[in-house]
Amino acid sequence: MHFLALATDYDGTLATERVTSVATIAALERLKVSGRKLVLVTGRHLPNLKRIFGRLDLCERVVVENGGLLYHPATGAEKLLGAAPDPALVGLLRARGVSDLAVGRSIIATSEPFHDIVRDSIAELGLDLEIILNTDAVMVLEKGTNKASGLRIALAELGVAPEQVVAVGDAENDQVLLEACGCGVAVANAILLVTFAERSR
């Protein structure tokens with residue numbers, strides 16, 4: 001199989017403590033020179049990612065908000081891939097004391113201590129949403145919106161088949177990404193697959 005693209009997570013994969021090493025940047029530059037495509041696939045919000053990673057120019061596409069938003073670095077264009085956060089849910093979470101709350105274009109994100117409140121609030125409102133875990137983060141998106149769905153749209157724009165992609169990740173939310181590509185690679189510091197299964201119950 002001839003691989004034409006690399007789809008990679010950011011935190012814990014390209015970056016350690018939000019910092020991408022000089023050696024990693026050099027490797028990504030070599031990837032670009034080779035003619036292969038780089039697609040960054042992350043749970044981060046786009047403004048935050050832009051602040052901490054200054055080499056988005058190396059990417060052909062950037063999937064942010066865990067599959068909810070597609071960004072084109074060359075043009076600055078953005079495409080919403082998931083439904084906007086439900087205002088009723090956002091309001092209920094704030095009313096119930098979820099202080100660590102980030103609301104994006106398509107994602108609601110908080111931290112692990114608020115997992116039960118998020119789950120119960122979604123059920124109470126009868127919303128068709130999915131909770132996706134990412135180490136100590138809890139993300140809420142429209143069902144079916146995830147890293148794999150976002151990547152598929154990015155690859156379709158680039159004319160690259162998923163079978164021609166190497167995917168790299170480290171956490172629960174990367175599992176669907178790794179399974180969607182021709183070659184899936186978990187980095188050395190990745191959470192074990194058994195942990196994925198246990199925390200998704």
Side-chain angles (χ1 to χ4, degrees), residues 7-15 18 39-53 56 59 61-73 76-157 167-180 191 196 199-200:
T8 178
D9 171 50
Y10 184 72
D11 293 283
T13 304
L14 279 190
R18 300 181 296 178
V39 182
L40 185 58
V41 189
T42 174
R44 284 188 177 273
H45 296 216
L46 183 58
N48 177 270
L49 181 65
K50 286 180 175 179
R51 282 195 299 271
I52 63 174
F53 184 55
L56 291 179
C59 306
R61 296 291 187 275
V62 180
V63 179
V64 292
E65 297 195 12
N66 208 70
L69 183 69
L70 180 62
Y71 174 64
H72 300 62
E78 300 176 18
K79 181 190 292 187
L80 191 63
L81 304 180
D86 190 296
L89 177 59
V90 174
L92 184 57
L93 293 175
R94 285 178 173 150
R96 290 180 169 171
V98 181
S99 54
D100 181 17
L101 191 66
V103 181
R105 300 273 302 280
S106 65
I107 194 173
I108 299 172
T110 185
S111 54
E112 182 66 32
F114 299 109
H115 186 179
D116 291 347
I117 295 175
V118 171
R119 182 198 60 215
D120 294 345
S121 298
I122 290 171
E124 182 177 321
L125 293 172
L127 300 174
D128 192 26
L129 299 172
E130 186 171 359
I131 295 175
I132 300 173
L133 302 178
N134 177 18
T135 57
D136 62 348
V138 175
M139 301 177 291
V140 179
L141 289 136
E142 179 182 19
K143 275 194 176 175
T145 300
N146 54 46
K147 284 191 171 186
S149 66
L151 177 66
R152 281 193 294 270
I153 294 170
L155 294 178
E157 290 188 355
V168 187
D170 76 309
E172 302 101 316
N173 62 326
D174 294 315
Q175 187 173 7
V176 293
L177 177 68
L178 303 188
E179 292 172 350
I191 296 172
F196 294 156
R199 294 189 65 186
S200 64

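Heavy atoms only: backbone and side chains are in, while hydrogens, waters and symmetry mates are out.
Within the model, atoms CG of Leu14 and SG of Cys59 stand 8.0 Å from one another, a figure rounded to the nearest 0.5 Å. Going from atom CG of Asp128 over to atom CD of Glu130 covers 9.5 Å, rounded to the nearest 0.5 Å. Rounding to the nearest 0.5 Å places CG of Leu56 at 6.5 Å from OH of Tyr71. Atom-to-atom distance recorded for Leu151:CG and Arg61:CZ is 11.5 Å, nearest 0.5 angstrom. Atoms NZ and CZ, from Lys79 and Arg105 in turn, are 12.5 Å apart once rounded to the nearest 0.5 Å. The line from NE2 of His115 to CD1 of Ile131 is 4.0 Å long, rounded to the nearest 0.5 Å.
In this structure, the side chain of Thr13 does not engage the main chain of Tyr10 through any donor-acceptor pair within 3.5 Å. For the pair Glu142 (side chain) and Ala83 (backbone), a donor-acceptor distance under 3.5 Å is present. Distance alone, capped at 3.5 Å, places no donor-acceptor pair between the Asn134 side chain and the Ala137 backbone. Remark: the backbone N or O of Ile107 is paired with a side-chain donor or acceptor of Glu65 at under 3.5 angstrom. Lys147 places a side-chain N or O within donor-acceptor distance of the main-chain N or O of Val41, the cut-off being under 3.5 Å. Side-chain atoms of Asp174 come within 3.5 Å of backbone N or O of Asp170 as a donor-acceptor pair.
In plain terms, the two heavy atoms of Ala148 and Leu177 that are nearest each other are CB-N, 4.4 Å. Minimum interatomic distance between Glu124 and Leu92 (heavy atoms only, all atoms of both residues): OE2-CD2, 4.3 Å. The two atoms that bring Ile132 and Thr145 nearest to each other are CD1-O, 3.7 Å, heavy atoms only. Nearest heavy-atom pair across Ala154 and Val63 is CB-CG2, 4.2 Å. Between Ser106 and Leu80, the shortest heavy-atom distance links the atoms CB-CD1, 3.9 Å. Among all heavy-atom pairs drawn from Arg94 and Leu101, the shortest one is CG-CD2, 3.7 Å.
A 4.5 Å side-chain heavy-atom check between Asp9 and Val168 finds every atom pair outside the cut-off. With contacts defined as side-chain heavy-atom distances shorter than 4.5 Å, the pair Val138/Glu112 qualifies.
With hydrogens and angles left out, the side-chain atoms of Asp100 and Ser111 include a donor and acceptor closer than 3.5 Å. Side chains of Glu157 and His72: a donor-acceptor N/O pair is present below 3.5 angstrom, by distance only.
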For this session: Determine, step by step, whether Leu70 and Val62 satisfy the side chain to side chain contact (heavy atoms under 4.5 Å, CB included) criterion, reporting the C-alpha distance in whole Å, the side-chain angles of both residues, the deciding distance to 0.1 Å, and the verdict.
Result: CA-CA 6 Å; Leu70 180 62; Val62 180; over 6 Å; no
Problem set entry | Trace of the side chain to side chain contact (heavy atoms under 4.5 Å, CB included) decision for Phe53 with Thr42 | CA-CA 12 Å; Phe53 184 55; Thr42 174; over 6 Å; no
For this session: Step by step, work out the side chain to side chain contact (heavy atoms under 4.5 Å, CB included) result for Leu129 and Leu89.
Result: CA-CA 10 Å; Leu129 299 172; Leu89 177 59; 3.6 Å; yes
For this session: Start with the C-alpha distance between Ser99 and Phe114, add both sets of side-chain angles, then the distance that settles side chain to side chain contact (heavy atoms under 4.5 Å, CB included), and finish with yes or no.
Result: CA-CA 9 Å; Ser99 54; Phe114 299 109; 3.9 Å; yes
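A 6.0 Å sphere centred on CZ of Arg119 holds more than 12 heavy atoms belonging to other residues, nucleotides or ligands.
One finds no salt bridge joining Arg18 and Asp11 here, because no Lys/Arg side-chain nitrogen approaches an Asp/Glu carboxylate oxygen to under 4.0 Å.
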